[in-house]
Structures are given as structure tokens and as C-alpha cells.
Amino acid sequence: MFSQLFLVVLVFFYASAQDVVQDVKLDNKEVRCLVCEATIRELTEAVKHSDKSQTVKIGGHRLDSQGNYNDPRTVPAAQSEIFLSELMEQICNKMDDYVRGLWKSNGTLTILKMVSTTGQMNPHMSEVEFVQDDDLNKSLKYYCETIIEEFEENIIKYYQKREENIETKFCIDESYICPVKKTKLPSKEL
């Protein structure tokens, strides 16, 4: 129901918006970088809002030299490989909530989340000129899926170790999906 309502709002917005830019040549590397950052932000939010009381036992499936099972460790579910893998299988669907655009203030490319987690429209929508594309932003989901497929094990390790600033560590330092940025502009996405 929500996705249908969202689609109606999105179509209406595109149809009535005067700030739609057409025939803009987008740099696919830049779009992929923005998707990487948005994907990690979405994963981090999902992990942060996971049920903290859920735990899983890991290990204990191997025999030691005396033929005894190793004692399993109990970890928060949000740190288990199974939980994180299942979460990553679903996270790219959130890219349907994003649109491409150019900030009116400086013309830089962005992907903007249309609706916040609270259901409110993004207050920064008036600051962006939307970039109309032929695929209705399906490439955003495709980029997300290819990033997850290629780097799933690496991403899981960041969350298992409870790393901070995963967005920078993964998207810039490890995967090189994003170029090194001298000054990071504050994110206006919700």
C-alpha cells in the first residue's frame, strides 16, 4: 500500500514539477559512488534499529582434538553473518525511494531520498532539480545490487566489528568506488 502511494506521489511530482532537468549526461562513476554511500547509510540505519535483544549462537559446530564440540559464542543478531546477509538482500529495494537530481545551489549531482523513515517528504526537495531518466531510477537499484554482490563479505566484516564511519572506510578507502574527497559536503538526505 505504501509503495503504491509513494509511486502515485512520485509520478505526480514528476508530472507537475517544473524543476525537472532533461538530457543531462550523468557520470556513472559518480552515480555509483552516491549509491554506495546511500546503501551503507541505509544498512547502518537498519542495523541500528534492529532488535538489540535478539542474539544468535555462532561457532560450536566443529570438533576439537578430543572429539568435543567447541562452545558456541553468543553475539547480537545484528552482528551475525546470516542476519547481515539477509538484510543486504533486502536493502537495495530502498533505492526505489531515491531520485537523481542536481543541487540548485551548486549543480552537483545527488540522489535524494524522497520520503524519510517517518513518512515525511524530504524537506530538501525544493533545493534539487530532478534529473529525468529513461529507466525511472532502476539503475540505482542495479548499482546497489552489484555493489552488494561484489563486496558482501567485506561489508559484513565492518558491521561484525562494529566499525565507525563505514561509509568512508568502505566506499572510499577499501572499494575505491568513490574518489577521495578533500572536503566532504554535509549530507542533506534524511
- Item | Pairwise distance OG1(Thr110) to CG(Leu102) - rounded to 0.5 angstrom | 9.0 Å
- Item | Side chain to side chain, Lys138 and Asp96, heavy atoms closer than 4.5 Å | yes
- Got a sec, which residues hit side-chain contact (heavy atoms from CB on, under 4.5 Å) with Asp173, two or more places apart in sequence or on another chain? Thr168, Lys169
- Shortest non-hydrogen contact from Ser126 toward Lys104: O-NZ, 2.9 Å
- Task: Report, as yes or no, whether the 6.0 Å neighbourhood of atom CD on Glu81 holds more than 12 heavy atoms from other residues, nucleotides or ligands.
- Result: no
- Measure the CD-CD distance between Glu89 and Glu152 for me, rounded to the nearest 0.5 Å. 7.0 Å
- Message: Going by the rule ring pair (Phe, Tyr, Trp, His ring centres under 6.0 Å), which residues pair with Tyr143 if we only count those two or more places apart in sequence or in a different chain?
- Response: none
- What pairs meet the disulfide bond (SG atoms under 2.5 Å apart) rule with one or both residues in residues 87-124, with sequence neighbours excluded? Cys92-Cys144
- Measure the CG-CG distance between Asn122 and Leu112 for me, rounded to the nearest 0.5 Å. 4.0 Å
- Message: Under 2.5 Å between the SG atoms: is that true for Cys36 and Cys171?
- Response: yes
- Message: Against Thr39, only a single residue in Leu140, Thr44, Ile148, Leu34 fulfils side chain to side chain contact (heavy atoms under 4.5 Å, CB included); can you say which?
- Response: Ile148
- Task: Decide yes or no for Glu174 and Tyr158: does some side-chain heavy atom of the first lie under 4.5 Å from some side-chain heavy atom of the second?
- Result: yes
- Query: Taking C-beta and beyond as the side chain, do Met125 and Phe130 meet within less than 4.5 Å on heavy atoms?
  - Reply: yes
- Message: Any side-chain to backbone donor/acceptor pair from Ser175 onto Phe170? Under 3.5 Å, distance only.
- Response: yes
- Task: For Ile156 and Ser85, work out which heavy atoms get closest and say how close.
- Result: CD1-OG, 3.5 Å
- Note on the structure: Rounded to the nearest 0.5 angstrom, the CG-CD1 distance for Leu43 and Ile91 is 4.5 Å
- Would you say Met88 and Tyr159 make side-chain contact, with heavy atoms under 4.5 Å? no
- Message: Please find the pair of heavy atoms, one from Val47 and one from Ser50, that lie closest to each other, and give the distance.
- Response: O-OG, 2.7 Å
- Query: Can you tell if the side chain of Val115 reaches within under 4.5 Å of the side chain of Met121, non-hydrogen atoms only?
  - Reply: yes
- Separation between CG (Asp27) and NZ (Lys29), nearest 0.5 Å, reads 7.0 Å
- Spatial distance of atom CD1 (Ile155) from atom CG (Leu87) [nearest 0.5 Å]: 10.5 Å
- Can you find a pair of side-chain heavy atoms, one from Glu37 and one from Cys33, that are under 4.5 Å apart? yes
- Message: Please enumerate all residues that pass salt bridge (Lys or Arg N to Asp or Glu O under 4.0 Å) together with Lys157, with sequence neighbours excluded.
- Response: none
- Task: Please name all residues satisfying salt bridge (Lys or Arg N to Asp or Glu O under 4.0 Å) with Glu150, sequence neighbours left out, ordered by chain then number.
- Result: Arg32
- Partner residues of Lys161 under the salt bridge (Lys or Arg N to Asp or Glu O under 4.0 Å) criterion, sequence neighbours left out: none
